[in-house]
2 protein chains.
Amino acid sequence: MAATIEALREEGFSGTSAREIARRAGCNQGLVFYHFGSVTNLLLAALDEVSALRLTRYQDAVEGAHDVGQLVATAESVFVEDLDAGYISVLAEMIAGASSTPGLGAEVAARIAPWRRFAADAMRDMLADTPFSQLVAPEELAHAVVALYLGLEMLAHLDGDRAPALALFERARQIAGLLGALGGVSVAKEEPWAR
Amino acid sequence: MAATIEALREEGFSGTSAREIARRAGCNQGLVFYHFGSVTNLLLAALDEVSALRLTRYQDAVEGAHDVGQLVATAESVFVEDLDAGYISVLAEMIAGASSTPGLGAEVAARIAPWRRFAADAMRDMLADTPFSQLVAPEELAHAVVALYLGLEMLAHLDGDRAPALALFERARQIAGLLGALGGVSVAKEEPWAR
DNA sequence: GTCTATACTTGGATAGAC
DNA sequence: GTCTATCCAAGTATAGAC
């Protein structure tokens, strides 16, 4: 499983063959099929593990954050962990690779669903009792956050440079602090601006 | 070239072989190597064409937009075009696939660079003479926009559902209109908040 | 320029020894 | 459970006829 994650991160979807995985795991190629039936099944199992592992990590991190600034700071440290371990790379490679294997798309989508729910919950909590809850639905914001996270990871991985992504987190933290200081007075809560 | 774009969109990076491209183009597989030398070269040529094609389209669209609301509306219609034609899919597949072919990453990154410059210019124009120019650097915002665009496309392609992405554009348009109406009075321009 | 034919490599998957 | 050996399919790439 660890070898699969490693291979997905370093060799990409199309480079992650049974032979490549076995080479990294230091075992025989046939074992992939003995234990998982097919390479695709192993890829999905790896995605399952990554997904479960990270989700609990995220939940713990978000529970410890009590304002938006802390939330962004937490998101940043978790993002760095993801970059280092290549977890989001696994996700991105699986999403991109899904188009080449019939039926894989649905499986990948199903495994991303919990992340979306998690993000939506986090956004709901974050927006609660702020004037912004009138401006944007938590599910919408969550979709944007997931997409942004994915895109940032892909660009960071492509360039081998995480600085632009980290600068964005820094900026988000700064703006979050600013909005917190304004205390939500600049936008009146009573206005029914939401469509 | 058209067959290559089509294949990348429908079969993904790993499904886009010389044979698959030739099948779609209705010609012989060997022609790929006669005309382009290698499959990788053809992929890069296709990315070049898509990049050039879309960049001029984007530039025209942005020139026609004179406020933020129009800019967002324009971005949405161009985004829908991209989804329909699979242009961003080509980009996403090439980025994800880059990790499997040594040296491909740098080539892909070089072809994305003009998009980043374009996005940064558009953001600079958009932020000019607004109080937000103090809050965030155009390059930072551009990086986020490119990443978000990429992520939205990947999720839309995975789910076969573009509704969440379109809802976000709608929301952005709404908020842009709101900010325009506020006229930038809620944030004083003199404050040196930017680090 | 386009085709057929072919050499060579890699990958998925299975059979059978241990 | 793990290994060796092997089959088969698919991919890249080239040579050579037309």
Side-chain angles (χ1 to χ4, degrees), chain A residues 1-49 86 89-90 92-108 111, chain B residues 1-49 86 89-90 92-108 111:
Chain A
M1 209 85 104
T4 307
I5 294 171
E6 207 181 278
L8 271 173
R9 184 182 56 180
E10 292 177 23
E11 308 293 338
F13 180 85
S14 66
T16 303
S17 63
R19 288 180 159 90
E20 176 65 26
I21 294 166
R23 194 184 62 77
R24 287 171 185 268
C27 73
N28 188 272
Q29 167 255 143
L31 287 186
V32 166
F33 303 96
Y34 176 79
H35 286 284
F36 296 92
S38 71
V39 174
T40 303
N41 282 348
L42 173 50
L43 292 175
L44 286 173
L47 182 55
D48 270 336
E49 188 175 79
S89 237
V90 169
E93 289 293 334
M94 289 296 287
I95 292 176
S99 18
S100 70
T101 310
L104 186 54
E107 298 290 332
V108 174
R111 282 160 179 84
Chain B
M1 210 84 107
T4 306
I5 294 170
E6 207 180 279
L8 272 173
R9 184 182 58 180
E10 291 176 22
E11 309 293 337
F13 181 84
S14 66
T16 303
S17 62
R19 286 182 157 89
E20 176 64 25
I21 294 166
R23 196 185 61 77
R24 287 172 185 267
C27 74
N28 188 272
Q29 166 256 145
L31 288 186
V32 166
F33 303 96
Y34 176 78
H35 286 284
F36 297 92
S38 71
V39 174
T40 302
N41 281 348
L42 173 50
L43 291 175
L44 285 173
L47 182 55
D48 269 336
E49 189 175 79
S89 238
V90 169
E93 289 293 335
M94 290 296 287
I95 291 176
S99 21
S100 70
T101 310
L104 186 53
E107 297 291 331
V108 174
R111 282 158 179 85

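Order of the sequence lines sets the chain letters (A, B, ...), proteins ahead of strands, with each chain counted from 1. The figures here come from the full heavy-atom set of this structure, side chains too, leaving out hydrogens, waters and symmetry mates.
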Problem set entry | Separation of D:dA9 C1' from B:E20 CD (nearest whole Å) | 15 Å

Which atoms of nucleotides 6-8 of chain D (N or O only) lie under 3.5 Å from a protein N or O atom, and what are those distances?
none

Seminar exercise, completed: Closest non-hydrogen contact found for A:S99 with B:E93 is OG-OE2, 2.9 Å

Problem set entry | Ionic contact status for A:E20 with A:R23, cut-off 4.0 Å | yes

Exercise. Given D:dC3, C:dC3, D:dA13, which nucleotide is nearest the side-chain atoms of B:S38?
Worked result: D:dA13

For this session: Take A:R111 and A:M94, measure what side-chain contact (heavy atoms from CB on, under 4.5 Å) needs, and give me the verdict at the end.
Result: CA-CA 11 Å; A:R111 282 160 179 84; A:M94 289 296 287; over 6 Å; no

Exercise. Taking CG from A:L31 and P from C:dG12, how many angstroms apart are they, rounded to a whole number?
Worked result: 15 Å

For this session: Could you check how far CZ of A:F36 sits from P of C:dA13, rounded to whole Å?
Result: 14 Å

Problem set entry | Nucleotide of C:dG12, C:dG1, D:dA13 approaching B:V39 most closely (side-chain heavy atoms) | D:dA13

Seminar exercise, completed: Closest to the side chain of B:N28, out of C:dT14, C:dT4, D:dT2, is C:dT4

Exercise. Looking at OG1 of B:T4 and CZ of B:F36, how far apart are the two atoms once the value is rounded to the nearest 0.5 Å?
Worked result: 6.5 Å

Exercise. Does a side-chain heavy-atom distance below 4.5 Å link A:M1 with A:L42?
Worked result: yes

Exercise. Would you call B:F13 and B:L104 a side-chain contact if the rule is heavy atoms closer than 4.5 Å?
Worked result: yes

Seminar exercise, completed: Rounded to whole Å, the CZ-P distance (A:R23 to C:dG11) equals 11 Å

Exercise. Roughly how many Å is it from OH in A:Y34 to C1' in C:dA15, rounded to a whole number?
Worked result: 14 Å

Name the pairs: protein N/O against N/O of nucleotides 15-18 of chain D, kept only if under 3.5 Å.
none

For this session: Of all the heavy-atom pairs spanning A:T16 and A:V39, show the shortest one and how long it is.
Result: O-CG1, 3.9 Å

For this session: State which of C:dG12, C:dT2, D:dT2 makes the closest approach to the side chain of A:F33.
Result: C:dG12

For this session: Kindly say if B:S17 contacts the phosphate of D:dA10, meaning a side-chain N or O under 4.0 Å from OP1 or OP2.
Result: no

Problem set entry | B:Q29 side-chain N/O to B:A22 backbone N/O, donor-acceptor pair under 3.5 Å | no

For this session: For a side chain to side chain contact (heavy atoms under 4.5 Å, CB included) with B:L43, tell me which candidate from B:L8, B:T101, B:V108, B:D48 qualifies.
Result: B:L8

